[in-house]
Amino acid sequence: MEFGGRRALRRKRLEIEASYPCGLQFYATPPTGNVSLVEFDEMAFERLKILRAVERLNLSGHVKNSEEWIAKLYEEFAKNKFFIILAEKNTKSKTDEVQKARRQDHVSHFILRLAYCRTEELRRWFIAHETDLFKARFLQASRNGSDIRNFLITNNLHYTSITAEEKQSERENLVASSMNISGDTMEGMTFYKVPFLDTLELVRQRKVFLKQGYAYVPETDLASLVTSSFRSKLSHDMATTYRALPELDSDERLVRLLHNFDKRYTGKDYSSKKPEDMCRITPDMIDNLANKSFPPCMRHLNDTLRTTHHLKYNGRLVYGLFLKAAGLNLEDALFFWRSHFLQNMDVDTFDKRYSYGIRYNYGKEGKKTDFSPYGCLKIIMSNVAPGDSHGCPFKHTDAIILRQRLAAYKVSNQTIEEIMELVNKRHYQIACQRYWEAIHGVPIDAGINHPNQFFEESHKFLNGGVQPSQGKKQPEVKTTPSVMYSSQASTQSSQSSVTDTKTVLEEIAMCFDDDIETAMLE
Amino acid sequence: MPPTEGFDCDMYPDYLAMYYKRIFPYRQYFKWLSYGQDLRTCFQKREFCFTLANDVYVRFLSFKDQEEMETEIKRRCPHKIDIGAIYTHRPKDHKTVTFFSPKSKELVFDIDMTDYDEIRTCCSGAEICNKCWKYMTIAVKVLDLALRQDFGFKHILWVYSGRRGIHCWVCDASARMLSQPARSAVAEYLQLVKGGEDTTKKVSLPLKLHPSIKRAETIVKKYFSEVVLEEQDMLGTPERWKKFLKLIPDQGLQDTLDRLMQQCSNSSQRWNIIQSEVTKAINKGDKKSLRKNLLTEIILQYTYPRLDINVTKGLNHLLKSPFSIHPKTGRVCVCFNPQKAEEFDPTTVPLVSQLLDEINAYDGDKSENMEEYKKTSMKECMALFDSFLASLAKDNIIQKAEESDKRLEF
């Protein structure tokens with residue numbers, strides 16, 4: 001932050017300080033200049049909407065970075081008139097409007113860095129979605145014939161290409177490693193040789209040839225390479241920002257704003273529930289509840305536990321945290337697990353090996369963190385190994401077994417067909433929603449995004465006849481199948497908190513009648 | 001493994017005390033974990049975890065130098081020693097510092113025989129025998145080559161876990177510095193068998209086979225007939241072949257094959273029929289669900305290493321230390337040569353009790369002043385470890401030089 005010369009600075013308000021040669025940015029340096037509090041808020045809010053759009057699209061089952069995915073994303077951008085469209089306009093003359101949009105791109109990115117650097121979870125969310133956004137924009141730019149080379153040079157991104165001889169000698173391996181390369185197309189193609197660390201995404205998916213620690217990346221995968229640099233730089237910067245954050249905490253106005261941002265977008269947090277809205281469950285209720293109100297993932301874990309009296313580590317973790325959030329207290333949890341496990345072992349072994357894990361889940365051991373239960377996304381993305389029973393049944397269970405299981409859960413044949421159709425299209429959460437509707441006989445428009453939400457809606461409905469939350473009440477809701485509970489809920493909550501912040505903002509404005517410099521951290 | 005003969009649980013603490021007093025290779029162990037670097041940056045920040053009697057875990061131990069480590073191990077006589085990461089601060093101070101997090105660690109892999117239960121018929125759970133151990137041999141061959149050729153790692157230590165599995169420690173400086181995301185990328189690159197109890201088909205391959213998969217296929221094919229068909233006899237009974245046939249995603253073909261299976265007399269014949277029928281059906285091309293690489297997928301599901309990748313991904317994950325003793329079997333966690341993985345026999349790995357007998361027998365004949373392990377069957381393993389340390393030392397020097405160059409630049 002700058003201090004002296006505030007009056008002089010005020011005159012320069014909103015002046016465009018830097019000029020932006022490319023539609024795409026690497027966000028290497030923080031912006032300078034002044035931004036009003038209101039503008040600060042608006043800019044950041046728009047960017048959040050953009051990142052939310054990316055998240056929604058990822059959940060909808062489209063293959064990430066596919067043509068279709070990018071087209072849908074840009075459709076969404078255009079529909080909402082997000083600044084990205086304007087910022088990416090190819091103009092020879094650098095019009096003010098384009099420059100302004102690019103500046104907004106620049107500034108809003110850095111504001112969100114501040115808001116999202118506080119916790120590991122927020123950082124991860126932000127980095128993941130900024131990276132996806134960047135890659136989509138990069139691919140779009142390559143397709144539009146924008147000056148990618150210029151972008152690379154401006155941002156000092158150099159990659160070494162391999163010699164013709166090396167290309168010839170590794171020909172077969174190079175062709176075999178990439179989906180979209182054939183013997184013919186590789187002729188005129190450039191291959192870059194980079195340390196495998198620079199292209200982890202391609203390594204993870206086994207889509208690049210590796211030799212002695214180097215990855216041979218074809219120019220068609222340049223986007224992956226650049227994105228990878230983007231991600232690692234952002235990840236590093238976020239850590240630095242986090243450490244520098246205390247300097248900012250002295251400015252209360254900013255702190256309030258920033259805190260509000262991250263709260264607006266995390267959805268319902270199942271870890272910090274207050275006791276009053278907590279229903280309590282006891283071990284004797286579990287089997288009955290499992291059959292009536294648990295989502296299929298948890299019901300299956302309970303069934304496995306009931307038949308084998310054992311669950312592997314991740315199963316215990318996922319199910320244990322779910323039960324905790326469902327209202328099982330620590331004492332009861334110990335009793336519940338013990339009653340099952342003791343059929344295979346003696347009390348001593350149980351106490352030694354397993355009670356630690358249970359107490360750990362409740363924040364009584366080790367890190368002493370009160371862990372929150374896994375949401376659908378985390379469960380869907382989880383790694384399931386031989387012998388494991390956790391995971392999302394709609395994703396990790398073979399179709400035949402899933403059918404049998406749904407039939408055993410007394411789901412009608414017609415609904416099973418519907419569910420299987422959704423599963424084939426990888427709409428796992430919507431499949432789960434159909435299941436909820438099938439066993440309760442009423443629609444749940446809000447969708448399913450968390451096992452505990454599944455349970456709570458069910459519990460409320462069965463016990464009090466409370467209709468499940470109806471997403472339709474909110475004006476923002478889209479009824480396309482891809483829209484998820486989380487996005488709706490958060491759009492809703494964001495709407496309300498925007499008004500809150502605005503009031504706060506106005507108050508601040510009245511008190512200070514002053515501008516505030518965007519406190520960007522170097 | 002059946003309860004190990006000659007291993008007496010009651011005597012275990014006594015054996016351990018003697019083992020730590022006379023045999024444990026402190027000098028080499030310390031040399032390994034200090035990587036030729038300043039003790040303050042490396043060894044002193046390394047987490048050790050002791051498991052004491054009655055499964056009491058003591059985490060976040062750390063030692064000043066070899067002497068302190070030696071004294072502590074001898075004093076507390078841990079039933080098991082685990083190694084953790086190198087942290088930002090000395091682990092023993094972890095409660096007094098605000099920012100304490102793992103910085104580096106060897107890249108490790110853990111393969112456990114229990115994950116092979118669905119593809120072995122000789123044993124299950126914690127048991128192993130020479131037949132199913134061949135799956136471990138295959139795992140070593142496949143992974144060792146991939147780590148060396150694809151990732152360029154050189155200093156790879158393979159260790160028997162003492163009961164039913166193996167551990168792999170990749171100790172190159174570049175491997176130790178890998179970030180958490182990089183570890184997951186490497187782990188997922190090497191993981192082919194995915195899915196839990198509810199997934200029948202655990203290997204799915206794209207149309208084009210990546211060079212690393214082709215290489216793995218070449219290796220495992222050499223073992224498939226001997227291990228899967230003959231020894232495990234995976235097509236030996238109707239129940240087994242029915243399970244096997246489920247991997248073919250076409251009900252009609254499954255039924256045809258099921259009938260044909262009954263006419264054959266052994267697994268090899270049955271496999272030949274499956275191969276020829278599946279190939280025929282694929283070439284005919286009228287069944288969309290049959291993909292070109294189906295046979296390769298099946299072979300790999302029955303042979304490819306089954307990794308517990310969470311161990312590899314986590315930077316702060318603990319792993320049982322080499323030269324620790326497995327508390328349930330009394331066997332020493334010895335290292336073995338991946339080039340000669342097929343010669344490694346877990347059932348002949350020395351027991352802690354046996355080592356002490358060997359020393360006594362040796363000393364009975366003559367009395368010589370030499371390191372005690374040299375009098376025992378750990379000799380071979382230590383020779384291997386010494387050569388591992390020697391090649392590591394060369395790179396340690398290079399790394400140190402590079403680092404001091406970097407410092408000079410500033």
Side-chain angles (χ1 to χ4, degrees), chain A residues 170 172-182 195-197 199-215 228 231-232 235 243 300 304 312-315 348-349 351-353 356 366 382-391 393 395-402 405, chain B residues 54-57 59 99 112 114-119 146-154 172 174-175 177-179 181-202 205-215 246 249 251 306-310 313:
Chain A
E170 298 295 351
E172 199 183 319
N173 288 326
L174 294 175
V175 173
S177 298
S178 298
M179 280 303 114
N180 40 15
I181 295 179
S182 67
F196 81 90
L197 288 172
T199 176
L200 289 178
E201 261 333 289
L202 293 176
V203 172
R204 184 192 306 280
Q205 300 167 27
R206 225 178 285 114
K207 280 186 179 160
V208 66
F209 174 57
L210 287 185
K211 191 180 174 188
Q212 295 295 326
Y214 286 94
S228 182
R231 173 191 277 272
S232 57
S235 165
R243 278 200 289 276
H300 179 57
T304 313
K312 289 190 112 182
Y313 174 77
N314 281 308
D348 258 13
T349 325
D351 283 348
K352 261 184 258 159
R353 289 221 202 119
Y356 179 91
S382 64
N383 174 50
V384 180
D388 278 338
S389 311
H390 69 282
K395 182 181 181 194
H396 298 109
T397 303
D398 282 355
I400 303 174
I401 302 173
L402 182 59
R405 202 177 292 159
Chain B
N54 299 320
D55 282 346
V56 175
Y57 291 88
R59 281 200 67 179
F99 188 75
D112 198 311
T114 38
D115 291 333
Y116 286 76
D117 279 1
E118 57 176 15
I119 55 167
L147 290 168
R148 284 174 207 275
Q149 294 189 347
D150 297 353
F151 294 98
F153 296 133
K154 290 204 276 294
D172 296 62
S174 59
M177 294 312 295
L178 289 178
S179 65
R183 282 166 206 260
S184 353
V186 174
E188 284 174 36
Y189 175 87
L190 293 170
Q191 182 194 39
L192 271 189
V193 186
K194 281 185 232 172
E197 289 295 85
D198 296 331
T199 319
T200 317
K201 196 138 180 301
K202 294 193 171 71
L205 300 174
L207 271 177
K208 254 197 223 175
L209 287 189
H210 189 269
S212 71
I213 295 180
K214 274 190 216 154
R215 183 186 54 219
K246 282 207 178 122
Q251 194 58 45
R306 296 177 166 224
L307 304 169
D308 180 352
I309 63 167
N310 291 325
K313 285 178 171 181

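Just so it is clear: chains get the letters A, B, ... in the order the sequence lines come, proteins before strands, and each one is counted from 1. It should be emphasised that the depicted structure is a prediction, and the values quoted were computed from it without experimental measurement.
- If you measure heavy-atom distances from L192(B) to chain A, the contacts under 4.5 Å come from both the backbone and the side chain.
- For K154(B), the NZ atom sits in a loose shell: 12 or fewer heavy atoms of surrounding residues, nucleotides or ligands are nearer than 6.0 Å.
- With chain B as the partner, the residue from T397(A), T304(A), N314(A) showing the most heavy-atom pairs under 4.5 Å is T397(A).
- Between chain B and the residues L202(A), I401(A), N383(A), the largest count of heavy-atom pairs under 4.5 Å involves N383(A).
- For a residue to count as touching a neighbouring chain, one of its non-hydrogen atoms must lie under 4.5 Å from one of that chain's; by this rule K312(A) touches chain B with the side chain only.
- A salt bridge (charged side-chain N to carboxylate O under 4.0 Å, His left out) check over residues 206-215 of chain A, counting only residues at least two apart or in different chains, returns the pairs E170(A)-K211(A).
- In this structure, chain B has heavy atoms under 4.5 Å from both the backbone and the side chain of V175(A).
- When the side chain to side chain contact (heavy atoms under 4.5 Å, CB included) test is applied to A146(B), the partners found at least two apart in sequence or on another chain are D150(B), L190(B), R215(B).
- Proximity to chain A (any heavy atom under 4.5 Å) is restricted, for K201(B), to the backbone atoms N, CA, C and O.
- When heavy atoms are compared at a cutoff of 4.5 Å, S184(B) approaches chain A by way of both its backbone and its side chain.
- Scanning both residues, A187(B) and K313(B), for their nearest heavy atoms gives CB-CG, 4.4 Å.
- Residue A385(A) touches chain B through its backbone alone, counting heavy-atom pairs closer than 4.5 Å.
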